[in-house]
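One structure is given here, and the rest of the page talks about it.
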Amino acid sequence: MTHPAPWRRFLAEFVGTALLVTAVVGSGIMATTLSPNDVGLQLLENSVATAFALAALILTFGPVSGAHFNPVVSAADWFLGRRTRTGLTLRDLGGYILAQTAGAIGGSILANLMFDLSAVDFSGKERSAGHLWLGEVVATTGLILLIFALARSGRATVAPAAVGAYIGAAYWFTSSTSFAIPAVTIGRAFTDTFAGIAPGSVPGFVVAQIVGLLIGVGLLLALYPDAGRNADEVVVAHPSDRPARTGKRSVRAS
């Protein structure tokens, strides 16, 4: 089996995250254009488009990089897979985070340009409050639990639908509308539209997402002590650059 070269996996994370942010920002702009006087309908349009786009992007890029599109997912993958030598290496983790963050910024710029806006227009939408940060903790914790529980129970094939459905639902049941992705949070600061977040609000959201990561990993270790054995299947199964250990069962699906 030929494993994807690191640059291919980084490219998949870059393009996938860029298209995800393009979907989030672009659908938000379209929603405010089509439904200018109904914020609830705007959120519905934005959440549905995001959920569908996320599922499609996971299907597209999952076989190459795992379709993380999220630094907290990549960090959990690296941490949980250390002992079993599955999942990301530390070098991979750095590359994934850089690719995801750059892709998110690029996706926001692309959405702005598609709708004839300035390429970069930093958001003025303040999102700094304790209840919003709590919403981000809840959204991120749930996302980590979902992804790794699917991998550990051998159901990674349903991840595109499950993760898309979770994010779409979390738009509505969290006070923060479920950013849940540090890279996407940074990218959304580059657009002063429906999906934007003021640059000054970004650190609070990112800290809350990291707290969600820590809680999610802690719960995973309690519920699924050997979750790290399936790190190569997060978000969906993808080849690892590491050679399989002799005497160990391979957890790779391809």
Side-chain angles (χ1 to χ4, degrees), residues 13-54 57 69-73 97-140 143 167-213:
E13 288 296 300
F14 173 84
V15 176
T17 309
L19 292 176
L20 174 59
V21 174
T22 300
V24 173
V25 174
S27 63
I29 297 171
M30 183 65 79
T32 55
T33 301
L34 298 177
S35 310
N37 301 314
D38 192 334
V39 177
L41 185 55
Q42 292 170 7
L43 184 61
L44 177 62
E45 294 161 347
N46 189 211
S47 63
V48 170
T50 299
F52 286 166
L54 179 56
L57 291 170
F69 310 151
N70 189 340
V72 297
V73 171
I97 291 175
L98 287 174
Q100 292 157 357
T101 304
I105 295 171
S108 192
I109 292 172
L110 177 59
N112 285 338
L113 292 174
M114 282 200 303
F115 286 89
D116 198 26
L117 302 174
S118 299
V120 174
D121 187 9
F122 291 109
S123 177
K125 188 173 291 186
E126 297 290 340
R127 300 179 188 260
S128 294
H131 69 283
L132 299 179
W133 299 332
L134 178 59
E136 281 301 286
V137 172
V138 171
T140 308
L143 182 62
I167 292 297
Y171 261 71
W172 291 89
F173 72 72
T174 64
S175 56
S176 62
T177 65
S178 183
F179 282 49
I181 304 174
V184 171
T185 304
I186 293 170
R188 287 168 67 166
F190 285 73
T191 181
D192 193 20
T193 59
F194 181 79
I197 178 172
S201 299
V202 169
F205 266 53
V206 172
V207 169
Q209 290 155 0
I210 293 173
V211 172
L213 162 66

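This is a predicted model, so every value here is computed, not measured.
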_Show me the pairs that pass side chain to side chain donor-acceptor pair (under 3.5 Å) and involve residues 23-33, at least two apart or across chains._
S27-N46

*At their closest point, which heavy atom of N112 faces which heavy atom of A119, and how far apart are they?*
ND2-O, 3.0 Å

*How far does OG1 of T191 sit from CG of L113, to the nearest 0.5 angstrom?*
10.0 Å

_Polar side-chain atom of T140 near backbone of G212 as donor-acceptor pair, under 3.5 Å_ = no

*How far apart are the closest heavy atoms of H131 and S175, and which atoms are they?*
O-OG, 2.6 Å

*To the nearest 0.5 Å, what is the distance between OG1 (T22) and CG (L57)?*
9.0 Å

_Distance in Å, L143 CG paired with Q209 CD, rounded so as to fall on 0.5 Å steps_ = 10.0 Å

*L43 side chain reached by T177 side chain, heavy atoms, under 4.5 Å*: yes

*Is a side-chain donor or acceptor of E13 paired with a backbone partner of Q100 at a separation under 3.5 angstrom?*
no

Using a 3.5 Å cut-off and no angle test, enumerate the donor-acceptor pairs between side-chain atoms of residues 198-206 and protein atoms at least two apart in sequence or in another chain.
{"unit_1": "S201", "atom_1": "OG", "unit_2": "E126", "atom_2": "OE1", "d": "3.2"}
{"unit_1": "S201", "atom_1": "OG", "unit_2": "R127", "atom_2": "N", "d": "2.9"}
{"unit_1": "S201", "atom_1": "OG", "unit_2": "S128", "atom_2": "OG", "d": "3.0"}

_Can you list everything that forms a side chain to side chain contact (heavy atoms under 4.5 Å, CB included) with S178? Sequence neighbours excluded, please._
A139, I167, A170, T174, A180

*asked:* I'd like to check the side chain to side chain contact (heavy atoms under 4.5 Å, CB included) partners of L41; sequence neighbours left out, ordered by chain and number.
replied: S35, D38, L44, E45

*How close do V72 and L213 get, heavy atom to heavy atom, and via which atoms?*
O-CD1, 3.3 Å

_Approximate separation, where rounding is to 0.5 Å, of T101 OG1 and I181 CD1_ = 11.0 Å

*Selection residues 99-126 - residue pairs positive for ring pair (Phe, Tyr, Trp, His ring centres under 6.0 Å), sequence neighbours left out*: F122-F190

*Report yes if some heavy atom in the side chain of D192 is under 4.5 Å from a heavy atom in the side chain of L117; otherwise report no.*
no

*With A208 via side chain to side chain contact (heavy atoms under 4.5 Å, CB included) - residues at least two apart*: W133, E136, V137

*Please report the closest heavy-atom contact between V21 and G107, naming both atoms and the distance.*
CG1-C, 3.9 Å

*Can you check whether L54 reaches L20 side chain to side chain, under 4.5 Å on heavy atoms?*
yes

*Are V24 and R188 close enough that some pair of their side-chain heavy atoms sits under 4.5 Å apart?*
yes

*Do P182 and N70 have side-chain heavy atoms sitting under 4.5 Å apart?*
yes

*Roughly how far apart are F179 CZ and Y171 OH, rounded to 0.5 Å?*
8.0 Å

_Non-hydrogen atoms of S176 and L132 that approach each other most closely_ = CB-O, 3.4 Å

*Side-chain contact test, heavy atoms from C-beta onward, threshold under 4.5 Å: evaluate it for K125 versus T193 and give yes or no.*
no

_Could you go through I105 and I186, starting from their C-alpha distance and side-chain angles, then the distance that decides it, and tell me whether this counts as side-chain contact (heavy atoms from CB on, under 4.5 Å)?_
CA-CA 7 Å; I105 295 171; I186 293 170; 4.3 Å; yes

*Count the heavy atoms of every other residue, nucleotide or ligand shown that sit under 6.0 Å from CZ of F52, and state whether that count exceeds 12.*
no

*After noting the C-alpha distance and the side-chain angles of F194 and Q42, does the key distance pass the side-chain contact (heavy atoms from CB on, under 4.5 Å) rule?*
CA-CA 9 Å; F194 181 79; Q42 292 170 7; 3.3 Å; yes

